[in-house]
Each structure stands twice: as structure tokens, then as C-alpha cells.
Amino acid sequence: MKTLFERSVAGRKCTILPACDVPETKPQETREKALRLPELSETDISRHYTQLAKQTFGVNDGFYPLGSCTMKYNPKVNERTASLEGFTEVHPSQNAQGCLELLKTAEQYLCEITGMDAMTFQPAAGAHGELTGLMLIKRYHELNNHPLRKKIIVPDSAHGTNPASSSMCGFTVVNIPSAEDGCVDLEKLREAVGEDTAGLMLTNPNTLGIFDKNIKAITDIVHEAGGLCYYDGANLNAVMGIARPGDMGFDCIHLNLHKSFSTPHGGGGPGSGPVGCKSFLADYLPGEKIAEENGKLCWQPRGDASIGAVRSFHGNFLVVVKAFTYLVTLGKEGVPMVAKNAVLNANYIKHLLEGTWDVAKKGTCMHEFVLTLEELKKETGVSAMDVAKALQDYGIHPPTMYFPLNVHEALMIEPTETESRETLDEAAAAFMDIWKTIQENPESLHDTPHHSPIKRPDEVNAARHPVLRYPFND
């Protein structure tokens with residue numbers, strides 16, 4: 001479809017702003033050349049964005065099994081609550097008692113779910129939360145005179161942001177392999193820890209959808225070596241309300257409110273990656289804390305031990321409002337039910353597929369599981385990419401491809417708890433139909449999808465040489 005600049009017609013206007021009711025002033029510094037904007041009517045603009053919306057696929061359009069990303073339905077009551085004027089019109093510097101009470105209560109709820117003692121909502125996203133949590137670990141070792149502790153241990157099944165966050169924080173990353181069962185290899189972990197260990201970053205359940213049965217032994221090994229344990233909360237959706245990271249031995253954690261707690265995910269909008277910690281790390285948290293003075297709630301500085309602000313004000317408040325609404329709607333009984341249904345759905349569709357498709361790790365999974373197409377590709381030439389593209393013709397968003405890295409030709413499937421049995425049956429039928437096509441005409445998979453607005457873009461060239469601005473001819 002055409003861009004807005006390609007639709008532009010010289011002289012065409014769209015009056016959408018009211019007349020200026022104050023005297024106009026010209027700033028001292030003005031542009032040497034007028035800002036170049038497309039000239040369009042309101043009809044042109046409306047049709048352009050409507051066409052874009054029709055080409056956008058989301059959880060409101062169809063099945064979205066994007067593994068480890070928990071792309072689940074966001075209840076509309078969350079949006080209605082977050083649009084109340086009492087929340088949208090408040091300034092961050094105001095001590096609006098209702099807003100402060102919401103943040104304080106949300107902190108209490110999330111600490112209860114995670115087994116932590118304190119939490120900050122400052123981080124703007126999950127990866128930002130990772131960095132913040134690692135800064136807590138770094139601050140801890142600095143203030144406790146541990147100059148040698150510069151290494152963070154990261155299993156090979158970890159999310160890609162884990163080593164990146166560690167490096168950005170100034171740590172050296174030590175990668176350890178998984179054992180045959182897909183969990184952390186305890187002997188390799190014991191060999192890796194030492195006087196230079198600052199901590200461990202771990203996701204549990206891991207990216208293979210496996211809950212590590214040795215989790216307490218893992219955190220004990222790191223603690224005995226003098227390191228701290230960081231929990232990547234990306235997969236909390238599988239265990240929230242049932243198993244708490246704090247009880248597993250983790251010292252700090254980040255949460256993805258856009259994953260487990262149903263706030264919008266991606267699209268360039270605001271995110272939220274709150275960080276929780278045990279009491280001995282609480283003084284290091286960024287920003288301010290909520291306290292009570294003279295019967296009223298207010299913001300108080302955390303003190304000199306704090307790592308300092310990691311962003312402006314108190315985080316993306318309205319995202320927290322949506323997550324809080326979700327928690328209040330679920331109640332104490334509803335939170336573990338979400339986790340149970342997520343695990344049930346994953347095991348149901350896994351059961352429908354295994355025996356035909358090759359599952360990377362056998363046995364009961366948690367919220368997600370991984371298919372490996374390594375042997376299928378050797379036999380037929382059909383890759384994980386081919387199957388992912390073919391799913392688009394069935395109205396299904398592709399699963400995560402080629403991750404985790406320790407599974408070749410991987411497709412990671414996470415159905416989430418918001419999908420019905422009928423949807424899972426339809427998805428399984430699509431996989432089986434694709435399997436049949438592979439056996440009869442594998443070459444046809446190389447051209448999929450056949451019916452989507454965009455076929456197969458040159459993704460490598462787009463990543464290496466992105467076109468970030470419209471190429472005007474004059």
C-alpha cells in the first residue's frame with residue numbers, strides 16, 4: 001500500500017485543530033526550510049490508517065502462540081480503568097492519594113506473588129528491569145567490598161536479553177550448558193562459580209517450558225559461592241500464585257506486566273518492568289518509595305545507597321493501573337487459575353502434536369514447549385521458517401523461531417490461558433495439514449505464505465540496511 005507521502009497532493013488540507021485563541025508568537029530560532037509534511041484530507045488519513053489496521057495481526061484477530069512472550073488477550077476493563085480522568089489527568093509530582101494507594105497496593109500484591117519484600121515501578125520495560133536488577137547486584141557487591149565479583153552466570157537456555165543486560169552493566173558473562181534433560185547442569189554450575197561470581201540470571205520455567213526440579217540446589221550453589229540470584233520473570237505466567245521465586249532462593253526479580261499481567265505488549269507503546277527484591281537489597285532500589293506521613297501517603301527518597309533514578313518520575317503509571325485492574329479482577333483464587341490454565345493449554349496442544357511432530361523434550365511441559373524440525377529439514381528440506389510462514393495462511397501468528405539456541409530448527413509454542421479448546425484444536429489441525437503438505441509437496445512450503453498481504457520480505461537485508469526515512473526525489 002502507498003505511504004502518506006505517496007498519497008500527498010499539493011494544496012490539499014485537513015483542518016482538525018481549533019482556531020488559536022491566544023496571540024501567536026514566532027520563536028527566535030526558526031527552521032531554514034519548512035517542515036515537510038504530507039498534504040492530505042481527513043478522508044485520506046482515515047482510510048490510510050484503516051488499511052494499516054486491517055493488515056495488522058494481533059490477539060484480537062487470531063491465535064498468537066508466540067513462545068515465551070505470553071501474547072494473551074488484554075481485558076477491555078483494564079483499558080477503561082486506565083482511561084479514568086483521575087488517573088489520566090494527574091501530574092507525577094502530585095501526591096494524589098488514590099494513585100499512591102494504587103501503586104502501594106500493587107507493590108504489595110506483586111511482592112506477595114513473587115515472594116519479594118520491596119518493589120519499584122520505575123523501569124520502563126522488561127529489559128530495562130533486567131538492567132536495574134543487575135545494578136542492584138552490582139551495588140550490593142560494591143558496598144560490601146567485593147571487588148572481584150564481576151561475572152554473571154547465564155545458562156544457554158536463557159533469554160537473549162540476559163547476557164546483553166549483564167554486559168551493559170559491566171559484568172562478564174559466563175555461559176553454562178544445559179544437561180540432557182534441558183535443565184541447568186549442576187556440575188557445570190559448580191565448576192563455574194567462585195570468588196569472581198557476582199550472580200546468576202535464570203528463567204524458571206526455562207525457555208524449553210521446563211520447571212527446573214533442582215532450582216533450590218541451583219540458588220544454594222550460587223549463594224554458597226557468595227553470589228546473588230536474579231529471576232527473569234518472563235515466564236512467571238506459568239507459576240504465578242503457585243510457586244514464588246523468592247521461595248526458590250532468588251534475591252531479585254523483574255516482571256513483565258505486558259506478559260503475566262495482561263497489559264498491551266509491543267507496538268512501540270509504553271511498557272513496564274517492575275523490579276522486586278529481598279529486604280537486604282531494598283535500600284538500593286531506584287527512585288523514591290511510598291511512605292505515610294501525618295496520615296497521608298507521600299514519596300520519600302530511598303537514601304544514599306540507592307542506585308539512583310533509572311528513568312523520570314515513577315514509571316509508566318497507567319500500565320500499572322491496567323495490571324492492578326487485572327489482579328483485582330482475578331482475585332487471590334484467579335491468579336493461580338491463570339497459571340494452571342496456561343499449563344493445561346500448553347500440554348493439551350503438545351499432546352495433539354507429539355507423535356507426528358518432534359518435541360524437543362519429552363514429558364509434561366509448563367506454559368510452552370519446543371518443536372525441533374532438525375530431522376524434518378534433513379529429510380524434506382522444509383525448515384522451521386517454512387512452517388512458521390505456512391501458519392500465516394491459516395490465520396495463526398508464527399511461533400518463536402530458532403530459539404532457544406540449544407535446539408536446532410526450533411519452533412517454540414505458547415498458547416496462553418486465554419485460548420479455548422476449540423482454538424487449540426483448530427491450531428493443531430493446521431499443523432497436521434501442514435505436515436501432510438510436507439509429505440506430499442514439500443517444495444510448496446518454500447513459497448508460503450500464499451494469502452497474506454506481505455509474502456517473504458528480505459529480512460536479512462532489512463535488518464542490515466533498514467530504510468528509515470522516505471526517499472524524496474528532490
Side-chain angles (χ1 to χ4, degrees), residues 1-64 66 69 71 73-74 76 78-80 82-85 87-89 91 124-125 258 263-271 312 316-319 322 385 388-398 446-474:
M1 60 181 289
K2 292 182 178 180
T3 67
L4 286 176
F5 285 105
E6 290 169 329
R7 291 175 178 265
S8 178
V9 177
R12 185 165 292 173
K13 296 182 179 180
C14 176
T15 304
I16 57 175
L17 297 177
C20 185
D21 59 356
V22 296
E24 291 190 22
T25 60
K26 291 186 177 182
Q28 293 181 353
E29 295 182 7
T30 57
R31 298 174 61 94
E32 295 181 1
K33 191 175 181 180
L35 183 63
R36 194 163 199 167
L37 295 173
E39 298 176 79
L40 303 156
S41 69
E42 185 171 338
T43 304
D44 296 330
I45 296 171
S46 175
R47 288 176 178 171
H48 174 79
Y49 285 107
T50 300
Q51 286 179 349
L52 279 178
K54 289 179 178 179
Q55 293 188 16
T56 301
F57 189 91
V59 292
N60 57 317
D61 296 292
F63 189 39
Y64 214 120
L66 195 62
C69 286
M71 299 292 286
Y73 179 76
N74 305 312
K76 294 301 175 268
N78 300 356
E79 303 297 327
R80 290 196 292 271
S83 65
L84 294 172
E85 288 187 3
F87 294 139
T88 61
E89 300 298 326
H91 190 279
H258 57 270
T263 67
H265 190 153
S312 59
N316 289 322
F317 172 65
L318 294 179
V319 179
K322 296 173 188 179
M385 173 73 78
K389 295 293 186 180
L391 285 169
Q392 295 182 48
D393 283 333
Y394 294 85
I396 297 175
H397 191 284
H446 301 321
D447 299 323
T448 54
H450 298 126
H451 308 298
S452 61
I454 298 176
K455 306 307 177 188
R456 291 208 184 192
D458 187 343
E459 296 171 351
V460 173
N461 195 43
R464 293 179 177 176
H465 308 288
V467 179
L468 303 178
R469 57 187 297 178
Y470 184 76
F472 293 107
N473 295 323
D474 54 15

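Throughout, numbering of the chain's residues begins at 1 and tracks the sequence. Atoms considered below: every heavy atom in the structure, side chains included; atoms not considered: hydrogens, waters and symmetry mates.
- Of the possible polar contacts, one joining the Glu39 side chain to the Gly11 backbone as a donor-acceptor pair under 3.5 Å is found.
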Q. Taking it one step at a time, do Met385 and Glu459 satisfy side-chain contact (heavy atoms from CB on, under 4.5 Å)?
A. CA-CA 12 Å; Met385 173 73 78; Glu459 296 171 351; 3.7 Å; yes
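- Proximity of a side-chain donor or acceptor of Asp393 to a complementary backbone N or O of His451 within less than 3.5 Å is detected.
- Under a 3.5 Å cut-off, the side chain of Thr50 and the backbone N or O of Ser46 do form a donor-acceptor pair.
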Q) Would His397 and Asp61 count as a side-chain contact (heavy atoms from CB on, under 4.5 Å) if you check the C-alpha gap in whole Å, the side-chain angles of each, and the deciding distance to 0.1 Å? A) CA-CA 10 Å; His397 191 284; Asp61 296 292; over 6 Å; no
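- Phe472 and Phe5 have their aromatic ring centers within a separation under 6.0 angstrom.
- Within the structure, every pair that satisfies the salt bridge (charged side-chain N to carboxylate O under 4.0 Å, His left out) test and touches residues 1-12, not counting sequence neighbours, is listed here: Arg12-Asp44.
- Val319 and Thr263 make their closest contact through O-CG2, 3.4 Å (heavy atoms, listed as atom of the first residue, atom of the second, distance).
- Atom CD1 of Ile454 has 12 or fewer neighbouring heavy atoms from other residues, nucleotides or ligands inside a 6.0 Å radius.
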Q: Start with the C-alpha gap between Arg456 and Asp447, add the side-chain angles, then the distance that decides, and say whether side-chain contact (heavy atoms from CB on, under 4.5 Å) holds.
A: CA-CA 8 Å; Arg456 291 208 184 192; Asp447 299 323; over 6 Å; no
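- In this structure a side-chain-to-backbone donor-acceptor pair under 3.5 Å is missing from Lys13 to Ser41.
- Other residues, nucleotides and ligands contribute at most 12 non-hydrogen atoms within 6.0 Å of the CZ atom of Arg47.
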